[in-house]
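Notes follow the structure.
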Amino acid sequence: MVKQELANRPDNTAFTQQRLPAWQPMLSAGIIIPGFVLIGLAFIGIGVALFVTSRSIQVLEIDYTGVETSHPCFTCSDPDVKKCVCQLDFTIDSLFKGPVFFYYGLNNYFQNYRKYGASKDDDQLSGDLSNFKSPSDTCSPYEYDSNNNDKPIAPCGSIANSMFNDTFKLYQKVNGSKKLVPFDGKGIAWWTDYNVKYRNPDVSPLKNAFNGTVKPLFWPKPAYELDPSDPANNGFINQDFLVWMRRAALPDFRKLYRRITEGDYRLGLPAGDYNLEIAYNYPVLSFDGRKKVVFSNVSWMGGKNEFLGIAYLVIGSMCVFMSLVMLIVYAKFKFPEED
Amino acid sequence: MERLHWMQHRCRQMLAGSSGRGWYSAPDGLPGKPSLDTHSSGGRRRTVFARHAPPQQESDAVFKSYKGNAICTTKYSLLTFIPMNLFQQFHRAANLYFLFLALLNWVPVVEAFQKEITMVPLLVVLTVIAIKDALEDYRRYLFDRKVNNNVVQVFCGKQKAYVDQCWKDVRVGDFVRLSCNEIIPADMLLLYSSDPRGVCYIDTANLDGETNLKQRQVVSDLPLQGVEFTAESFHCRVECENPNNNLSRFRGYMEHPSGVRVGLHNSNLLLRSCTIRNTETVVGIVVYAGHETKAMMNNSGPRYKRSQLEKRLNTDVLWCVLLLIIMCLTAAIGHGLWLKNLKDPIFEVDRETSPALAGFYVFWTMIIVLQVLIPISLYVSIEIVKLGQIYFIHNDLALYNKQLDSRIQCRALNITEDLGQIQYLFSDKTGTLTENKMVFRRCSIYGVEYPHEENARRLEVYEAEKMEAAGRSVTLRSGCSSKSLSCRSLSCKHSSVSLHTLTAEEEEEEDQLSNHIQPRTSAFCSRVTKEVVPDPELVRKLNWFCSPVLALSDGSSGSPSSLELTYITDFFLALAICNSVVVSSPGQPRHVVPETQTPLKSLEEIKLMFQRLSFSPLSALSSLSPPKIKGSPRSFTSRLFARGKTDSFTFSTPTNSTTDGSEPGQESNQETSNPRRRVDLSSRVEGGGAGQTEDREIEDDIQGARTNPEGGRQDAEELTREVDCESDADNELLYEAESPDEAALVHAAHAYRCTLRGRSAESLLVDLPGIGSLAVQLLHIIPFDSNRKKMSVVVRHPLTGQVVVYTKGADSVIMDLTETPKGTEQSQEIYSHIREKTQNHLDSYAREGLRTLCIAKKVLEEEEYEVWMKGHLLAESSIENRDELLLESAQRLETNLTLLGTTGIVDRLQEEVPETIEALQRAGIKVWILTGDKKETAINIAYSCKLLCPNDQLLTAICGSKDACAALLEELKLEVQRGEEGLTEGPAAGSRGEPSSGSVEGFILVLDGRTLDWALQEEQRSDFLELSRKCKAVICCRSTPLQKSQVVRLIRDQLGVMTLAVGDGANDVSMIQVADVGVGISGQEGMQAVMSSDFAISRFKHLRKLLLVHGHLCYSRLANMILYFIYKNVMYVNLLFWYQFFCGFSGSVMTNAWVLILFNLIFTSVPPLVYGVLDRDTPAHTLMELPELYRAVQTSKVYVPYMFWITVLDAFYQSLICFFVPYFALAGSSVSELSFGSPINASALLIILLHQVIESHTLTWIHVLVLVLSGGCYFGFVLLFSSFCVTCSPPTNPLGVETLAMSQPLFYIICAITTVTALLPRLLFRAVYNTLRPSAVLESPWRDEVDSEKYRRKMQRWNQSKSRDNRLPLCADNPGLEPSTASVVS
């Protein structure tokens, strides 16, 4: 009967009475010291692995902007010169292990500029024909071509318009003659971009889909003629286009141009002299930009980067060092109290 | 639901002002605070006619302006919901901020994200609150509908009968008929009651929670009285004041067609939502309806107070705003410069905008991007956390009172953390520290002290019994148990807090007695209150004339003088009738008074008696000299008079004094014998006609005295027995008193067989010993008033027919008002002697810690009475200034009183009060006692509750004038200063060989009300503050409610400290409201204190856990949560900021915008809540055992400005690591924008979650679950989003980003190093800190007993060293004597 009266009595549970079994993060020396040692050792291990891996990666960077007058591309760097081709010679001392990735790089180029990044029409790029006729206003100011009866631009927007259009050919100088190094341009873009995100309209031939639109102002040829060698590599699912559209995070970046995986160069670029033929179109000097080509091979951790390895080593050593310091501190302060 | 109500209320408050102190929703016109608004204009009255009367042009217009009785508490209708609700919501600063951001995003030039994304937070908040509001409103609508459709009988003019109508159709001017237990639909004027005396009872539990019945009276002088009320014949006009919220005041008059005006007051008004009780039928005319009723006008929302922490938080939020502006400015300038230096780049989009303008745009863009920096969601989180904290406080078993079956009530939901910062505690005494179970302990009448030894023993036994809980004592009989049943049957309404408190032991006992009885009984009728063991001496004296007439001839020993006997009878009569106690008995409805025995019957007896004494009433009357034995009953006086002579002889014999009389009693008897004899002689002269019979009696008496020396004791026993027997019969009686003192006094009178049997509006039925029932005509009751500190009844004496005023009140007031009656020099001498003795007794009572009340009387001449009555009626009938006039009228009446005697009532301390006070003091809380009691009583209580230690030095500041007060304060200040300097010389003094026992532990300041008044004035204020700050405790006695609140306000404002006021009665309401935290004790005195409090507890001891544990935890939890929240926001937002340096300050983000918005809204929103609700830095038992730990939070060690900055700095560091490690790892690579953000985001999440793990003091499975879920939620979301979001969310379409990133080992490598590096400093700091300074926090929960024992010792040592620094000076008793200190002072 007493029970009945206590209708208001709070429940006597561990939760309501705040008696839940609790673990306290005991950040005392006893746990921290071994913990730090473990973390430190693990980090040092990873650091060594990363460092060694990074060391094994070969990278060759060649700036071809042509700022110096002595540079072979100097003449081409003048924006008034059209259809300029320059030749660049370089030597590889030892085998450049394959597969070799061939990048073009741009410095001081802000693909992450907010307005630039927003200047595209995802729906148009996914093959929506209505957006061919009237592109999204996000593409502004590359939405309609004012010089061409205000026709819509396809692909519209600043990113597409500013697509990198230098082209490269690599020759190995073998006995005075130039041997073309075959480039592999397949699968350099993201799988999802190529297969899901970017679509050409279901119009055959592709050219008809672009009826009534004009090519981006900066482009020499329309989107459906980007790769004359491979009809499947045209329109919005051109690999180079996709690579370009995937905007770089930082102002100094490189983008994959081709891979060298075929023929004699399957194992890499052998030592020797090489000649790079550059169709120099892309203007960067006006905004103090730089252009470069990069040869690199990759590992499980990506491209060459010594920072991570060093960082792991430093942090790992710090952890170990700290645990030592703490051990001393602990011994000094703890034991007197035990008395 | 209540919470929802509060939430909504809160919303409204957001606009009510962001600055200033708490906002109190309590009505402006609190009872006791005269609101003079209606005085200003005569037009602000309302006129009410009978509505069914033939329509008049005038009345139609009048009624139109009055509201109907339909109530509508809903805020919205279906149509207006969306606009109204939005309007309401946008009054809230947070929502406005969100709206501003959303709108800003619609401006194309500054657009940062897609338009819909910035709408998300706004929409989420708006929708959640709108749904909540809608639900709440719908419930209100249902409730309104239910109330509005209640049926009540209303008089219909056409049918000329009462017909059923819904409440909502009741209009002003309607006649409403109600029967028993019906609820009153509107405020009505009581015109008819089936009760023959025209009264009815209402139960106001719905209104104020008080369960005792209140009596209401039919408008006096109504011509239609007696017969069944007919509505048709009512043609009066009612003028009354306009609707207001003052429940205890109603002013107006009723004008009869003849032009006669009858005053209306509160006792004529039936209030809406009260219940009719014990009255068959009542009829009233509606004067206020619907929202204009007093009940509705008092219906304000829950309290809202802004907590200290929140105020502090606001400044930090301002810092955040500043930070935001700085960051945005940096970006703006950076962008401008960047644009300026760009020369025609190919990626340039907008060539027209000038760099400066673009910079300006970027400023606003950045505000949108970095919006999270302003922790708006923090406010919502804080509210949720507080709800969680309230939940735990509410569910604490330690704060649950088993006897009352009541938990703590948390009425203010948002000041939980203030509980952890209390520095000053202001406590009421009665009912707060004590039980407020008043027990009559002893009394003094006619300057003679009756120690009531038996009674004291009984109380001790009771106490002991209570302590040991050992069965029932034979000395006690459970008189209450049978009554409790009746009480129960009468009070149908069960409120959560019973008025009656019984201890567990009592309950058990009663359970043994009658299992079906629940502990709840009527107001103040606990057994210990009721069973007063009479003092044998007093019984003997009383027996003198009380006993049946036959006893007279038998005679007895030790006869008192006639004057003394008059005093005694008057005294008990006053005890019995000078009150507002309602008598009821279980067999009958409350309003039925036991059959009135006409005075005739007793007159018969008296006649008989007179005959026996061969003593004619007439001669007896003529023999009385009015000033001397005013107003004593005819029969009494005559008999007393006869005894008078006997007395003079008896006193000359040594056997006169009782054998068992106590020391003081004896002394006083002997001391007073001389003057008394003189009076007796004089009285003999005056009453000469009665000579002969008495002579014989005298002889008998002397014989009796000699032969029966123990007669007194026998008499006493006999009487006790009789009383006991009688009490069985009297068990029928049930007293319902407004205050426990009253109940105690009535029960005391009852013990002396002076029993109040019934009450009606016009008369009181009193049993007098030896006479039987007498109807005492009640002329007026002037109720108790805390300013007057007394109450009076004006009665026509049943036997003398004189108009007599009996006054009962605080001794200070009564003693000032009593005057030596005009009369012979002798009688004056006696009188002053009585006064002197009584004062001595008063002082000794107070020293014992008893509550003292003085009883006085005054006989009014008829003409005098007429004059006064006229004035009083005028006062009663006036509409304006009624309260003031009534006060004046009362003051006119209560003068020239004759002191009868005084009572000492004991009020025991509640359990564990000393322990609680000690703990609170150890916790660094200064405890002040503000009481209306005497100084001595207050000091005594302070001693017994260990507020005062024997070594404390008492500084008493009681002075008569302002200048004296100033001087005294100055002097006391010097004294304290000297004492303090004594401390610095303490060791030296010790070496000089001074006795350490005499050292002063601390200073206790004692003030009385008058001194307090002066001390509170502008000039003395600083002195008073300085003095009180140095004192360990302050006791303010004799203080009024206003002073209590003034003191609290002064301390709160001037010292800027957190104050807590705790009290139980209506007189503590203002104090409770002023204090930062108001705690109400649901005790014996109704619910007013509880209604105005923030927290309502049932025992004082609950404060200990409430403050030390819950206050501590709530504060530290909330403070930590806030810091964590700020850290989280700053840390995350900075990541975006750092990125600006690499994107030309253009406002780009490297994360998908949805993830960005949801990061705060979802992924990291719950862990802080769990952290804020469940974290426990110290286990509860440690907090209880070591109150010193409270000091850490009290001085807000956790949330201090530097902690804020440390947190912000740490956040900066972590964000730097979190951004730049991935940056360096990925720089120069082909990483795309969103792929770059991916590891940054993921490691930010890990860092933020793990940071909480480091900061948490405890982790339970709930924490783990929430943390894991939060992490899982993030990864799940981004993975799904990046798999299925094909064209959504431009320009940060995430398709394929996370899936690709997370498939690469680099992602994990970056996350691991980033997380560890970012957390390393804090981890290291914690580890070193915990190693070097292990706090109680870390030690106690996991160490075993031995270790905790060791730890406690360590803690104590630490405390000692600490307190040595803080402690006030140790100084000898007479610090002034030290020569060295004097020089230092000068």
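Here is how names work: the chains are called A, B, and so on, in the same order as the sequence lines, proteins then strands, and each is numbered from 1.
- Contacts between A:Thr16 and chain B at a heavy-atom distance below 4.5 Å involve backbone atoms as well as side-chain atoms.
- Using a 4.5 Å cut-off between heavy atoms, A:Asn161 does not touch chain B at all.
- Looking at B:Asn1293, its side chain does come within 3.5 Å of a backbone N or O of B:Cys1288 through a donor-acceptor pair.
- Ring centers of A:Phe164 and A:Tyr257: at least 6.0 Å apart, outside the cut-off.
- Ranked by heavy-atom pairs under 4.5 Å with chain B, the first of A:Ser162, A:Cys319, A:Gly289, A:Ser286 is A:Ser286.
- Interface remark: of the candidates B:Ala1227, B:Gly1144, B:Gly1147, B:Gly1147 forms the most heavy-atom pairs closer than 4.5 Å to chain A.
- Note: A:Gln17 leads A:Lys255, A:Gln17, A:Lys115, A:Arg246 in heavy-atom pairs under 4.5 Å with chain B.
- Interface residue A:Asn305: only side-chain heavy atoms are found under 4.5 Å from chain B.
- In this structure, no portion of B:Ala1180 lies under 4.5 Å from any heavy atom of chain A.
- Interface summary for chain B: among A:Ser136, A:Pro251, A:Gly303, the most heavy-atom pairs under 4.5 angstrom belong to A:Pro251.
- With hydrogens and angles disregarded, a donor-acceptor distance shorter than 3.5 Å links the side chain of A:Asp166 to the backbone of A:Asn281.
- Scanning both residues, A:Phe102 and A:Val293, for their nearest heavy atoms gives CZ-CG1, 3.7 Å.
- If you tally non-hydrogen atom pairs under 4.5 Å between each of B:Phe1236, B:Tyr1139, B:Phe347 and chain A, the highest count goes to B:Phe347.
- Heavy-atom distances place the side chain of A:Phe43, and not its backbone, under 4.5 Å from chain B.
- B:Tyr400 and B:Asp405 form a side-chain donor-acceptor contact under 3.5 Å, judged by distance and modelled atom types alone.
- Heavy-atom pairs under 4.5 Å with chain B were tallied for A:Ser158, A:Ser296, A:Ala248; the largest tally goes to A:Ala248.
- Counting heavy-atom pairs closer than 4.5 Å to chain A, the top residue among B:Ser1235, B:Ser1146, B:Ser1283, B:Ala398 is B:Ser1146.
- For the residue pair A:Ser130 / A:Asp128, a side-chain donor-acceptor distance below 3.5 Å is found, with atom types taken as modelled.
- Within the 4.5 angstrom heavy-atom criterion, no atom of A:Thr13 approaches chain B.
- For B:His1263, no part lies under 4.5 angstrom from a heavy atom of chain A.
- Of the two parts of B:Ile346, the backbone and the side chain both hold a non-hydrogen atom closer than 4.5 Å to a non-hydrogen atom of chain A.
- One side chain, A:Asn131 or A:Asp121, offers a donor N or O that lies under 3.5 Å from an acceptor on the other.
- Contacts between B:Ile393 and chain A at a heavy-atom distance below 4.5 Å are absent for every atom of the residue.
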TODO: Give the C-alpha distance, both sets of side-chain angles, the deciding distance and a yes or no for side chain to side chain contact (heavy atoms under 4.5 Å, CB included) between A:Thr192 and A:Lys197.
DONE: CA-CA 6 Å; A:Thr192 45; A:Lys197 192 172 170 184; 5.8 Å; no
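- Of all non-hydrogen atoms in A:Asp137 and A:Glu143, the two that sit nearest each other are CA-OE2, 3.2 Å.
- Atoms CG and CG, on B:Leu1259 and A:Leu20 in that order, are 12.0 Å from each other to the nearest 0.5 Å.
- Residue B:Leu1234 comes nearest to B:Thr1151 through the heavy atom pair CD2-C, 3.7 Å, listed as atom of the first residue, atom of the second, then distance.
- Chain A forms the most heavy-atom pairs under 4.5 Å with one residue out of B:Leu1174, B:Val1221, B:Val1149, B:Leu342, and that residue is B:Val1221.
- Among the candidates B:Leu1295, B:Leu1306, B:Asn341, B:Leu1226, the residue making the largest number of heavy-atom pairs closer than 4.5 Å to chain A is B:Leu1295.
- Between B:Phe1145 and A:Tyr113, a ring centre-to-centre spacing not shorter than 6.0 Å is recorded.
- In terms of heavy-atom pairs under 4.5 Å with chain B, the best-connected choice from A:Ala249, A:Pro283, A:Gly117 is A:Ala249.
- Proximity to chain A is absent for every atom of B:Val369, based on heavy atoms less than 4.5 angstrom apart.
- Neither the backbone nor the side chain of B:Thr1292 comes within contact range of chain A, judged by heavy atoms closer than 4.5 Å.
- Heavy-atom distances place the side chain of A:Leu50, and not its backbone, under 4.5 Å from chain B.
- When each of A:Tyr142, A:Phe36, A:Trp190, A:Phe253 is scored by its heavy-atom pairs under 4.5 Å with chain B, the top score falls to A:Trp190.
- Only the side chain of B:Thr365 comes within contact range of chain A, with heavy atoms under 4.5 Å apart.
- Heavy-atom contacts from other residues, nucleotides or ligands closer than 6.0 Å to CZ of A:Phe15 number more than 12.
- Note on B:Trp1261, B:Tyr1223, B:Phe1224: by heavy-atom pairs under 4.5 Å with chain A, the leading option is B:Phe1224.
- No side-chain N or O of B:Asn395 forms a donor-acceptor pair with one of A:Arg9 less than 3.5 Å apart.
- For an aromatic pair to be called close, the ring centres must be under 6.0 Å apart, and A:Phe287 with A:Tyr109 satisfies this.
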